[in-house]
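In what follows, a structure is listed as structure tokens, so that the remarks can point back to it.
Residue numbering restarts at 1 for every chain, and letters A, B, ... go by the order of the sequence lines. Quantities reported herein were computed from a predicted structural model and do not represent experimental measurements.
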Protein chains: 4
Amino acid sequence: MKEADRTRLDALKASLARTWNELLTGSPIVRWLEEGGSDRTLFKIYLIETYHYVFHNSRNQALVATRIDNRDPAYLKYCLRHAYEEVGHEMMAMRDLQSLGVERTPDTLPPPLPSTEVFIAYLYWISQRGNPLQRLAYSLWAEGSYEYFGPVLDRIRRQMQLEPKQMSFFVEHAKVDEGHSKHVEDTILRHAHTEADWQALEDAALTSLRLVGGLLDGVWGAYQDLAEGRSQRFAFLKGAQP
Amino acid sequence: MKEADRTRLDALKASLARTWNELLTGSPIVRWLEEGGSDRTLFKIYLIETYHYVFHNSRNQALVATRIDNRDPAYLKYCLRHAYEEVGHEMMAMRDLQSLGVERTPDTLPPPLPSTEVFIAYLYWISQRGNPLQRLAYSLWAEGSYEYFGPVLDRIRRQMQLEPKQMSFFVEHAKVDEGHSKHVEDTILRHAHTEADWQALEDAALTSLRLVGGLLDGVWGAYQDLAEGRSQRFAFLKGAQP
Amino acid sequence: MKEADRTRLDALKASLARTWNELLTGSPIVRWLEEGGSDRTLFKIYLIETYHYVFHNSRNQALVATRIDNRDPAYLKYCLRHAYEEVGHEMMAMRDLQSLGVERTPDTLPPPLPSTEVFIAYLYWISQRGNPLQRLAYSLWAEGSYEYFGPVLDRIRRQMQLEPKQMSFFVEHAKVDEGHSKHVEDTILRHAHTEADWQALEDAALTSLRLVGGLLDGVWGAYQDLAEGRSQRFAFLKGAQP
Amino acid sequence: MKEADRTRLDALKASLARTWNELLTGSPIVRWLEEGGSDRTLFKIYLIETYHYVFHNSRNQALVATRIDNRDPAYLKYCLRHAYEEVGHEMMAMRDLQSLGVERTPDTLPPPLPSTEVFIAYLYWISQRGNPLQRLAYSLWAEGSYEYFGPVLDRIRRQMQLEPKQMSFFVEHAKVDEGHSKHVEDTILRHAHTEADWQALEDAALTSLRLVGGLLDGVWGAYQDLAEGRSQRFAFLKGAQP
């Protein structure tokens, strides 16, 4: 049984690796970076959307611990400890923005792009109404994302000549995540007992990762809309200088 | 002002028309139908997913009328009347399935596909936390969908040799929607007053329509997974005969 | 069975009658009125608290129709129709206040008294998490309340020399309720099937009625606090003249 | 300012002391104990109701940390740490019941009494919709309750000849609370800034304490109903022997 669960988790991680590859291979942002793209405006839009979804991470994680159908004390404690660790992380993205010369505060940012809202909506949905373990599936790939997304961030750093304090959100999360990643896997192995649990975890893992791919495509679309004058939503970013 | 709002609504409807076109042009299901595809299994999968999201339509519509920041009596009444009209419509999809020989009930259907869940999640999100008018944006295209989706349904009917009682959900909704469509537009014009309202309506309209495109692609993916033996989720549909 | 349900409903109505009697017999407001009390300030405080809880009546009624464990189409339709009928009734209490010379709007009223909040909190609780039929138990006594509370209102009208437009909320609800009352009883008889249903209905009926008793006692307490200078919360009412 | 806040907190604590006194003086359970009452059945009913409300303590505390209008990182962390500490405490009451020979599990307990439900409903209400600080007001008196309720528990212990393992819930909470109490006060002083905050804290503190008084009266009523044969709800407790 334990063995079968380990096998199942490894299969899920392999699916996630494949999905990451599809996502990065198909991403217009990645292609643009590989062709030498280096406009900080794109990174600023990405930071704004990062602020928006990260604002909700601790909240939707805490929501899992309010459910009356979640009765396992160890899992409830995991949810609350993890929610605690995530408190206020959105402010790192906010400060990175400010270090890049964007003179905005949480109250004066434009609202999230629709693709960011879809991602946020899905996280609340699984946290409130899905299988109570599904929120773990988001953490599973998020805590290990540096392995896949790290090279993209490195390109961004080099090509846009960013200092660490301008991308502290990503630097911090790359550091922090190693211990977390192991902890998420252990928690999944301790609590996923049934085929329905594993199916729910797989659905939530792949779906939330794909929605982040959608978020990135939304950032790209907004950047194109700005460049080609179709939208003024992010026009305030153009003059911003650190 | 009234004039500007009418113009704005027309622009939104034009955007929806373009999005419908992109969606249908890019849809593998539409291509397959145009090439003569005629397997009822695909239609059955689509009916199952239809059951799932329609189950929530009245509920998320009613949710808008529970919000303490929704205080306009006329709009509250609209929400409640519309929720009333939507009660139980999912049972039409259920009966169509049964007419096609699928011996299942709501309690024994497989759970929604992930792309269906994303659509449902987004509708609850806008209904509970978005601009209170956003739920109207979904109705705006849904009530007028027959214009775009009708030809696809006609192909399905002809190529799969379906009787009316096997697609009553779609037949009924094609009939009903004409008056509704006008009513939705009037309600939008009566209540949308600000640029933020119109932006929120546009975001919700285009996003919810794209998520239905995602739902259709999810149905196609599940059909392929079944055909190629990658998943047994819908295996029970194969033998089903009316 | 039908016979047993009718008997059960009659027993519940008898319990409600007893609870009304206890409540009115023990009420310091009723005693004060019987001793000739006639200060409009007390009635104004009562109208403010009425505004507050009535604001939520349509909303918590609609909430019952958002629940995924409420699947009976006839009952869902009942909930939505009733929520529709209750929309905006709080504005009657607001206009009565204004007819009494109170120059306030919903945004400038003091917040609800704690005992009013407890009543509101309980209605949301049963609507969202209780047996889905429990919201009917509140309607059961509310729609028939004129029988018990009418004489109190008559005293208020006479002793405080109020015109109809100064107590339109109560005048309207006395008229409207006769048909409603029958409708609520029929709905209960159609949907209450188990001992657990009847116990839940009885608990919610007697508890919500007692909480309204608490609300009235809270109004009396606030009136005393004002009269004896312990609180300035309702001081703005003193000078108010129509 | 700091000085004024300290004064305000002291006034609130003095109000709580007065309310505790009223509550204990007026309590039929306390009177019965003072007259030598010693039936374990009453204590068992009280443990069942304790199980019910304590089940929700961590959940409604976590709920405060899901609110988008709660943005202070230090307070969010307080809420999540406190929710973490409260996880599973209801199981102490469950085990005490089992030590007293009650062969029930959470799934086979009778549902909460109406007065217990009112208390639970109010806690969710303030946690979800009230001033975000209001949940602290419940902790303020709950963490310091041993000072007032301790003598009652001592009488129960002596007169009913209970062993520590039969009242571990209360023994543990008497120990734990000293540090907590200071922590709650510090948190209030750090976050309550406005007159509206202090009024909200006072309302929630006194109201939640009075509702616990109501819960105790509900326990007494249920005990009388059992003794006088009016209800069989707790009949299973009579034979229970450790």
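- Inter-residue side-chain proximity for C:R81 and B:L80 is flagged as unmet; no heavy-atom pair is nearer than 4.5 Å.
- Looking only at heavy-atom pairs under 4.5 Å with chain B, the residue among C:G88, C:S127, C:A62, C:P106 that has the most is C:A62.
- Scanning residues 64-73 of chain B against chain C with a 4.5 Å non-hydrogen threshold yields B:A65, B:T66, B:R67, B:I68, B:N70, B:R71, B:P73, sorted by number.
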Please list every donor-acceptor pair under 3.5 Å in which a side-chain atom of residues 92-103 of chain B meets a protein atom from a residue at least two apart or in another chain.
{"from": "B:D96", "atom 1": "OD1", "to": "B:S168", "atom 2": "N", "distance (Å)": "3.1"}
{"from": "B:D96", "atom 1": "OD1", "to": "B:S168", "atom 2": "OG", "distance (Å)": "2.6"}
{"from": "B:D96", "atom 1": "OD2", "to": "B:S168", "atom 2": "N", "distance (Å)": "2.8"}
{"from": "B:D96", "atom 1": "OD2", "to": "B:S168", "atom 2": "OG", "distance (Å)": "3.4"}
{"from": "B:D96", "atom 1": "OD2", "to": "B:F169", "atom 2": "N", "distance (Å)": "2.8"}
{"from": "B:Q98", "atom 1": "NE2", "to": "B:R104", "atom 2": "O", "distance (Å)": "3.0"}
{"from": "B:S99", "atom 1": "OG", "to": "B:R95", "atom 2": "O", "distance (Å)": "3.3"}
{"from": "B:S99", "atom 1": "OG", "to": "B:K165", "atom 2": "O", "distance (Å)": "3.4"}

